[in-house]
Structures are given as structure tokens and as C-alpha cells.
Amino acid sequence: MHSKHLIACLPYVERREALYGPLKSEGVFVWDCMYDEEYALAGLYELEHEALQRMREAAESLGRVFAKTVNIVQQADDALLLELGVPHAAFDAIRLQVDDAMPSPTVIGRFDFAVNNGQIKMLEFNSDTPTGIVEAFHVNGAICSAYGAENPNAGCAAMLTEAFQKAIDAYNESQYPVEHIFFSALDWHEEDAGTTRYLLTQSGLSASFVPLSDLRVTDDRLWVIHDSGQMTPVDVLYRLHALEKLAEDRDEDGYPTGEHVLRLIAERKVAVVNPPSGFTAQTKALQALIWNLHESGQFYTAEEHEVIEAYMLPTYLENRFADSSIPYVIKPIYGREGSGVTIVGSDGHVLAESGEEEYLDQPMVYQQYIELPSIQIETLKGASEGRLLWGCFLIGGKASAVIARVGGHITNNISYYLPSGLLNKEESK
């Protein structure tokens, strides 16, 4: 019997160890369990070729709409930036426009989609510091190989290399120094550090990993401080550290180091990946701006209006759903992993809420609710039912790998990762 059949026949616990044991041993994906709970599932979701193609078409079309909108926002006055929730300290940085070769508005982004009854609707655009990268670009292929399935993300890792090189070329052509390149994240955070190290490897760049704690601002430059006490200037920084968090960063003495770094970015003394324009695209308030322009028939071409109507949900900065029977979601504009999200039903009662308060001090958007499809999954705790959320990466402006997450009505940081394989074309007929 072929090994792929042996994998499928194993009891769940043994199958899971057979799949993720080798991945952990190689050291690239070591967070198959998080917060003392199972994160990566040992099942394989069967994805239809047509669904994959449609998600990628949606991602590329939406990417062009966001790029066009961000380009205008970068030229806007302070009032609009404040309305979009951009921290004042980041104004000059997000107005920075690099050479046209820069993948716009971001190098690595991920659209989150509800795919239900043939309909694809975007919930948000993670364009500043998306994760799920190792799972989509590396792990999914290994799981598909073990099952003998076709990997929907085959060949996508090469897109990361190309996108990073184009970003460096764009900075170089815009007269940035690009000699000293560093990739940085919280070194104690397995997922963040692992994701950053993986991207460093895939980038193909001559670069090094440094913990965020080893970065220093002095003499109006950003530096890496080494164990020897010597320092190296940072020309280009890949940072898995959200820009809105950077804007608030202070050192032990209370000095606003984050604001200083943002000023260095604005003064072209350090280049960052993702670029600040990725942060502009991240705010959910931008979805409200896009929808407002769409409803009023402004700014976009007829084709772009069709894209917005097809893939986006009505989203507002004020609650236009309160006196209607339309269910809706309340979201913090820079919230992540479902934190601070509340779903309100058609009767005005709360259907679900995250229970977390991390982002509740942020401005909110109000978005029409769309239910995620329900699927059956197998877990270490037994059979379970969950809600399926798809992510589709946008790499250098091109649609790329997809990733499936399974959670509740609100997809949070303890939701499962579910590998996916392409359904045989003959079987899908």
C-alpha cells in the first residue's frame, strides 16, 4: 500500500504526529500547537480548482482597487488621515511614495474571504504584518505530499523571492542605501520569529535576523547592537511588528523610539518592508472609504465598481445598520485576530463577541455581516464543527498561496489551521 494511504488510515493522534513530527524536526514550523492547544489540524480540506481560481481573481482585482485608493490617500490632507485612524506620528511615513517598481500597496499581504454558496466576500486586508505564511507556503505542500494530493500553493514560494528582490530594487532606484538588510521580530515569539526567519530564507537576500530588542535609535539612524557592543546601521528592515504598535513604542526611559523610527522612515534614512503604504491599506477605515466612494459612484472605473460590488461588504465609519434588520459586525480599525469584534444579529442582539479588550480604545467600523460556512473537522479532542475562513495572499501585487482557518463565528488567534489539497478534477465533476 502506498504511504499516502497509510497516512490516511492512521488514528488521528498518530497521523498528526506522522505529519507534523518531521516538520518540527526540521525547525521551520514548530508552532503546530499554540497556547497549549492544537493549532494545525491533521485533516486535508478538498478545495475545488474553480474556487481557488476565483479567490485568486478576487485578490488581484481587490489589490488593484486598494493600490489606487492608497495612492490617493498618501496625497491627502491630515483630516482624512486622522479619519482613517492613522497615528499622527506616522503621517509623513505613510505619505512616502517609493519608485514605481515597488509592489503596491504592499509586498506581502493577505485578503481574508468568506466563501459561501459560490460567493466570495472580503472581510479584511492584512497588508502590514500578515502571518500564516509558513503554513501556506511551506507546510501545506508537505501535508499534501504526505496525502498524495495536489498542492494548491505549489510554486508560490518563488513569488516571495521575486517580491523581495523587486522591493529592494525599488528602494535602490529611489536612492536608498540597501547594503545592510535585517529581518526582525520578537525572538521569544515562536510564530513571529519563525515566520520572519522563513521569509529571510525565502527572500534570497544577503541579510540577517535580529530580535527587535537589539535595535537602537541613535545619531539619527537605526542600528543593530551586537553582543560585542559594536553597532551596524540598518538600511533595510523587514519587520513583523505592526506600524500602529511602532508608533507607540517607547524605551525604558520613556523616549518615543517608535516615533523616531517613523521619522527616519519619512526621511529615507531606513527603508522598511512592508512599506508604510501597507499600513495605510491595513486600516479597516479604508474599506469604509472605498465603499463610500463606490456608493456615490465616484473615483473608480466601471470595472472597479463591479469588483467592489462583487467582493466587498458595505462598511461604514458610523452605524448605519442599527435601525435595520441587517446583521452587522463591529470591528476595531486596526484590530487583529478577532480581538474586539462583536457580531450583532438582525434582531439587534449580540450573536457573538470576542470578549477581548485589547483594541476597544480604537475607532470602529460597522460592516454588514456574512456568515462563514460550517464544516466538520477532526481534532485531538474529537470530531467538531467550525466556521471556515479563507486567506489568499497577495505577493508583489499578484495572487498567491491560500490558507484555510477554522474557528467560531469570529476567527481568533486560537482558531485552527486546516491544510488544503486540490480536488481531483475528475472527482469534482
Side-chain angles (χ1 to χ4, degrees), residues 55-56 58-67 69-70 84-86 94 103-115 120-137 153 156 159-160 163 185 189 191-192 194-196 198-199 238-246 272-288 290 311-313 315 329 331-341 354 358-359 362 365 367 372 388-407 410-415 417:
M55 279 193 280
R56 287 179 169 159
E60 281 203 18
S61 299
L62 287 167
R64 290 191 289 270
V65 168
F66 272 77
T69 312
V70 166
L84 293 176
V86 177
I94 72 104
S104 180
T106 190
V107 178
I108 300 174
R110 191 193 74 236
F111 284 104
D112 284 348
F113 291 135
V115 182
I120 296 176
K121 291 293 183 181
M122 185 199 86
L123 303 183
E124 56 190 63
F125 186 23
N126 298 281
S127 52
D128 186 35
T129 54
T131 53
I133 294 167
V134 178
E135 295 89 317
F137 289 85
N153 302 332
C156 288
M159 298 176 71
L160 295 170
H189 194 289
E191 182 185 9
D192 285 5
T195 299
T196 302
Y198 173 76
L199 285 173
Y238 169 82
R239 37 106 207 157
L240 196 58
H241 185 55
L243 219 65
E244 79 269 12
K245 294 184 184 294
L246 177 64
V272 289
V273 180
N274 279 320
S277 54
F279 174 69
T280 313
Q282 173 92 17
T283 170
K284 297 174 185 67
L286 194 73
Q287 294 181 51
I290 292 171
Y311 301 125
M312 294 187 70
L313 291 163
T315 307
V329 185
K331 299 180 179 181
I333 60 172
Y334 283 117
R336 297 162 194 270
E337 298 288 0
S339 182
V341 171
S354 72
E358 183 180 359
Y359 301 110
Q362 294 184 3
V365 295
Q367 184 179 77
L372 296 172
L388 179 64
L389 174 75
W390 283 99
C392 183
F393 283 90
L394 190 75
I395 307 298
K398 299 176 183 176
S400 187
V402 295
I403 181 172
R405 295 279 301 277
V406 181
I410 299 171
T411 308
N412 57 26
N413 62 353
I414 58 171
S415 298
Y417 156 59

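Source: prediction; values computed, not measured. The first residue of the sequence shown is numbered 1, and numbering continues consecutively from there.
- Heavy atoms from other residues, nucleotides or ligands lying under 6.0 Å from NZ of Lys121 number more than 12.
- Side-chain contact between Leu160 and Phe137 is present, with heavy atoms from C-beta onward closer than 4.5 Å.
- Nearest heavy atom pair, residue Ser277 against residue Pro105, reads OG-O, 2.7 Å.
- Taking CD1 of Ile290 as the start and CG of Leu286 as the end, the distance is 4.5 Å to the nearest 0.5 Å.
- Checked against side-chain contact (heavy atoms from CB on, under 4.5 Å), Ala58 has the following partners two or more places apart in sequence or in another chain: Phe113, Ile120, Tyr311.
- Asp128 and Arg239 are joined by a salt bridge, as a carboxylate oxygen and a charged side-chain nitrogen come within less than 4.0 angstrom of each other.
- Here the CD atom belonging to Glu60 is positioned 8.5 Å from the SG atom belonging to Cys392, to the nearest 0.5 angstrom.
- The distance from the CD1 atom of Ile133 to the OG1 atom of Thr195 is 6.0 Å, given to the nearest 0.5 Å.
- Evaluation of the side-chain contact (heavy atoms from CB on, under 4.5 Å) rule for Ala285 yields Leu84, Thr283, Leu317, Ile333 as partners, not counting sequence neighbours.
- The side chain to side chain donor-acceptor pair (under 3.5 Å) check on Tyr417 picks up Asn140, with sequence neighbours excluded.
- Contact annotation: the side chain of Asn126 approaches that of Gln282 to within less than 4.5 Å [non-hydrogen atoms, C-beta and beyond].
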query: Should Leu199 and Ile108 be marked as a side chain to side chain contact (heavy atoms under 4.5 Å, CB included) after you check the CA-CA gap, both sets of side-chain angles, and the distance that decides it?
result: CA-CA 10 Å; Leu199 285 173; Ile108 300 174; 3.8 Å; yes
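- Rounding to the nearest 0.5 Å gives a distance of 5.0 Å between CG of Leu62 and CZ of Phe111.
- For the pair Phe66 and Gln287, the tightest heavy-atom approach, listed with the atom from each and the gap, is CZ-CG, 4.2 Å.
- Of all non-hydrogen atoms in Leu372 and Leu388, the two that sit nearest each other are CD2-O, 3.6 Å.
- In this structure, the side chains of Tyr238 and Val107 stay at 4.5 Å or more apart for every pair of heavy atoms.
- Inter-residue side-chain proximity for Arg110 and Ile403 is flagged as met; some heavy-atom pair is nearer than 4.5 Å.
- Val70 places none of its side-chain heavy atoms less than 4.5 Å from the side chain of Thr106.
- You'll find the side chain of Pro130 reaches within 4.5 Å of the side chain of Asn274, heavy atoms only.
- What you find for Ala185 and Leu240 is that their closest heavy atoms are CB-CB, 4.1 Å.
- Taking the side chain as every heavy atom from C-beta outward, Arg405 and Glu135 never approach each other to under 4.5 Å.
- A donor-acceptor contact shorter than 3.5 Å is absent between the side chain of Asn153 and the backbone of Ser400.
- The closest side-chain heavy-atom distance from Glu124 to Lys331 is below 4.5 Å.
- A distance-only check finds no donor-acceptor pair linking the side chain of Thr315 to the backbone of Ala288 [under 3.5 Å].
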